Amino acid sequence: MIVKNEIEEILKNAFVKSGFDKDLVLCSYSSRPESCDYQCNSAFAVSKKYNINPKIVAETIIKNIESDDYEFLFSAPAFINIKINNNKLTMLANSINSSPSLLVEQTKTPQKILLDYGGANIAKELHIGHLRSPLIGESINRLLKLVGNTCVSDSHLGDWGLQMGTTIAQLEEDGYLDYYFGKSKVKKDITLESLNEEYPKGSKRIKVDEAFKDKVDSYTLLLQQKASPYYEIFKEIREISVKTISKNYAKLNCFFTYFYGESDADPYIERTVNIFKEKGLTRISEGALVVDVVREDDTEPMPPAILKKHNGGDLYATTDLATILLRNETEKPDTIIYVVDKRQELHFKQVFRAAKLSGISPANQKLVHIAYGTMNGTDGKPFKTRSGETIKLEDIISMLTTKAKEKLSQNGIENDDKLALQIGVASMKFGDLSNTYDKDYVFNIDKFCSFEGKTGPYLQYTSARIKSLLSKAEDKYDKIEITTNDERNIILCLLKLLDSYEFASKDYSLNTVCLAVYNLASSYATFYNNFKILTCEDSKKRKSALALSSLTLKAISQALDVLAIDIPDRM
RNA sequence: GCGCCAGUAGCUCAGUUGGAUAGAGCACCGCCCUUCUAAGGCGGGGGUCAGGAGUUCGAAUCUCUCCUGGCGCACCA
């Protein structure tokens, strides 16, 4: 926070000179942009502490200010309004412009961070419910890297639980697995379509058909014991699924360092369970092996974590704990971040507590659950189509692409599939990421497909216009000079955007980055509309405007890179 | 029942440790393309921040209360 920190230093000196406690100094962004750029409201706190009239406090502070770069003004009853002068803004603009990283503040404590994208289930195709985890995860990954951390990511596929037993049992009953079970010499291919049909079918049945549920339980257990042919079938399903998942996630610019799943933790499960047993942390409850994680001060229900089912099978908590052990023996991350929807909050509380109790996660390792909200329909429940189906991710992507193509066609750009995908995906991603991640929000297909106003395509459009402008310019440009209000606004928005990375990396609030980059683009659009750059006859002004445009483009590009949104050359 | 979260413009959402006149986008109305991409810019209308009480110089923000909705509460993930 370049400017804010500097203003606070100036204020602290003035506080000391005035005899006030300098710890009370706080500088914030202006809530009244028409009268100031930054503000300090600390006079009220000082007034209270020393029992002095707040007006006198503010006036005293202002009198003791020493600064050539900023103007400090009194505003009733006791606000201190701060304005940056043009020289300072010019200097800032040029130093940001000459820095490859645009002076984004680097963390003082760089960490190795592992991101866990909380398991797309491999038994079925990706649907709309699988959208937020990779979108949010990918952006957080990029954000944390931008501020100086090292990150690795793991898809952590859901591939070792009941859903696998269910799928295999249902496939078997419908004759897909005759070859594996020796009933046929001909191998029937398992396809994505068959998985889409068979898993939901079996999933419904286990709730009503007890015999089938018993079969599913036993198949799940057999798989977890890597028995034949269950393990071979699992491998085939997994391969088909991973292929599709990675393809679709790549379309969204989401990538993983590792395509691991729960099953990859299997070799660590026995040791994990033994660690708990040896430390005396386990007990048998209703036939299951459990770990108590409740604390005296808990106000919410806190059931024990289950390590082994009554039949010896493994559960979600088991594989998650074994996965932590695996990671601490391979990657040794300082922090593990789970990007998983908030309905699983209790599960992660249990796992985190159990991991700390057992020492599987060292005391200084940070375990974080980014508990994002669900996308709801207008009925307030997780989004379903009118017929009650979930929408496939692939269908959403094609819907977005079609809409983008129509729009491109109006602008005379035909048959550019790649561009249409970039625009469509930008709309969806920005629409999602500009919400606060932890709240549920209403999924609106029109909003996801909209290209006007505060959207991803607006940012792409602004960037494409700058690119086009710069390519037409015949001047060489480097020095920026800030003189007008429009130019001032651009730099002020830029400063806020650069600050937003620090803010966002502390609490994972990508929406602040979204808002800040939109405001930057918007302030540039105003400038662009009011000032015809290429035809300006004053060459100094023209060159400065070009340099300012170039800086704006760099800053928008940096932000969109964090959001994993592509910038096209034209649209 | 217990617990967690939410309720802000017609709609979808922001609102940084409590600050000045509560913002944005969409939708609606009006203006701006003989000049760099109109997916744009400028202006306008639109609010009991769910209701009530309290703390404070000051509350959308903190406390209490109440209403409504969502989610979670051991062998699913």
Side-chain angles (χ1 to χ4, degrees), chain A residues 26 28-29 31-32 35 39 41 44 47-48 54 75-79 81 118-119 121 158 160-163 166 203 206 217 262 285-290 298-311 313 315-317 319-320 340-347 350 371 373-374 376 378 380-382 404 407-408 410-411 423 431 434-436 438-442 444 446-447 450-455 457-458 460-462 464-473 499-500 503 507 509 511-512 514-515 518-519 522 525-536 549 570-571:
Chain A
L26 206 58
S28 53
Y29 298 117
S31 60
R32 313 194 73 178
S35 49
Q39 64 186 58
N41 305 332
F44 296 103
S47 155
K48 189 170 272 178
S75 174
F79 296 102
N81 287 348
N121 180 345
W160 209 232
L162 197 70
Q163 79 276 34
T166 307
S203 196
I206 53 176
D217 280 336
E262 294 165 340
S285 169
E286 296 171 36
L289 185 72
V290 305
D298 277 331
T299 53
E300 60 182 316
M302 186 58 66
I306 300 176
L307 290 181
K308 286 281 176 189
K309 298 209 277 194
H310 63 88
N311 72 352
L315 283 159
Y316 193 20
T319 54
D320 263 354
V340 181
D341 105 63
K342 70 177 178 189
R343 289 174 297 183
Q344 296 183 35
E345 213 154 18
L346 180 60
H347 163 75
Q350 293 176 299
T374 52
N376 293 338
T378 39
K381 302 210 168 126
K407 186 77 191 173
L408 281 171
Q410 288 168 23
N411 293 3
I423 295 170
S434 47
N435 290 295
T436 42
D438 58 330
K439 276 209 270 188
D440 292 346
Y441 74 96
V442 175
N444 182 333
D446 293 331
K447 185 182 173 185
S450 78
F451 303 150
E452 276 143 45
K454 196 171 170 180
T455 63
Y458 172 85
Q460 293 176 312
Y461 178 73
T462 307
R465 286 207 296 191
I466 298 177
K467 279 190 181 179
S468 162
L469 172 77
L470 294 178
S471 72
K472 283 178 185 156
D499 284 354
S500 78
F503 189 66
D507 62 3
S509 56
N511 68 309
T512 53
C514 289
L515 182 65
Y518 170 74
N519 286 336
S522 175
T526 302
F527 169 71
Y528 180 90
N529 233 265
N530 291 339
F531 184 64
K532 299 298 166 203
I533 299 169
L534 295 181
T535 51
C536 172
S549 302
R570 54 163 196 166
M571 60 189 280

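Worth saying up front: this structure is predicted, and the values here are computed from it rather than measured.
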Quiz prompt | All side chain to side chain contact (heavy atoms under 4.5 Å, CB included) counterparts of A/Lys454, not counting sequence neighbours | solution = A/Phe430, A/Leu515, A/Tyr518
Quiz item: Does A/Thr512 put a side-chain nitrogen or oxygen below 4.0 Å from OP1 or OP2 of B/A14?
Solution: no
Quiz prompt | Results of side chain to side chain contact (heavy atoms under 4.5 Å, CB included) for A/Thr455 - residues two or more places apart only | solution = A/Ser450, A/Pro457, A/Tyr458
Quiz item: Who passes side chain to side chain contact (heavy atoms under 4.5 Å, CB included) against A/Asn511, sequence neighbours left out?
Solution: A/Thr436, A/Ser509
Self-check item: Partner residues of A/Tyr316 under the ring-ring contact (aromatic ring centres under 6.0 Å, His included) criterion, sequence neighbours left out
Solution: A/His347
Exercise. Indicate for each nucleotide in nucleotides 1-6 of chain B, in 5' to 3' sequence, whether protein heavy atoms under 4.0 Å reach the base (B), only the sugar-phosphate (S), or nothing (-).
Key: -BS-SS
Exercise. Would you please enumerate the stems RNA chain B participates in, each stem being three or more consecutive Watson-Crick or G-U wobble pairs with both distances under 3.5 Å?
Key: B:1-7 with B:67-73, B:10-13 with B:23-26, B:28-32 with B:40-44, B:51-54 with B:62-65
Exercise. Taking salt bridge (charged side-chain N to carboxylate O under 4.0 Å, His left out) as the test, write out the residues that go with A/Lys407, two or more places apart.
Key: A/Glu452
Could you pull out the protein-nucleic contacts involving nucleotides 67-69 of chain B (nitrogen or oxygen on both sides, under 3.5 Å)?
none

Self-check item: All ring-ring contact (aromatic ring centres under 6.0 Å, His included) counterparts of A/Phe503, not counting sequence neighbours
Solution: none
Exercise. State which of B/U16, B/A20, B/G72 makes the closest approach to the side chain of A/Phe503.
Key: B/U16
Quiz item: Excluding sequence neighbours, so at least two apart, what forms side chain to side chain contact (heavy atoms under 4.5 Å, CB included) with A/Leu469?
Solution: A/Tyr524, A/Ile533, A/Leu534, A/Leu546, A/Ser549
Quiz prompt | Per-nucleotide protein contact string for nucleotides 31-40 of chain B (B base, S sugar-phosphate only, - none; heavy atom under 4.0 Å) | solution = ----BBBSBB
Quiz item: Which residues satisfy the salt bridge (charged side-chain N to carboxylate O under 4.0 Å, His left out) test with A/Asp499, sequence neighbours excluded?
Solution: none
Quiz item: In terms of side-chain heavy atoms of A/Ser28, which of B/A20, B/U17, B/G58 is nearest?
Solution: B/U17
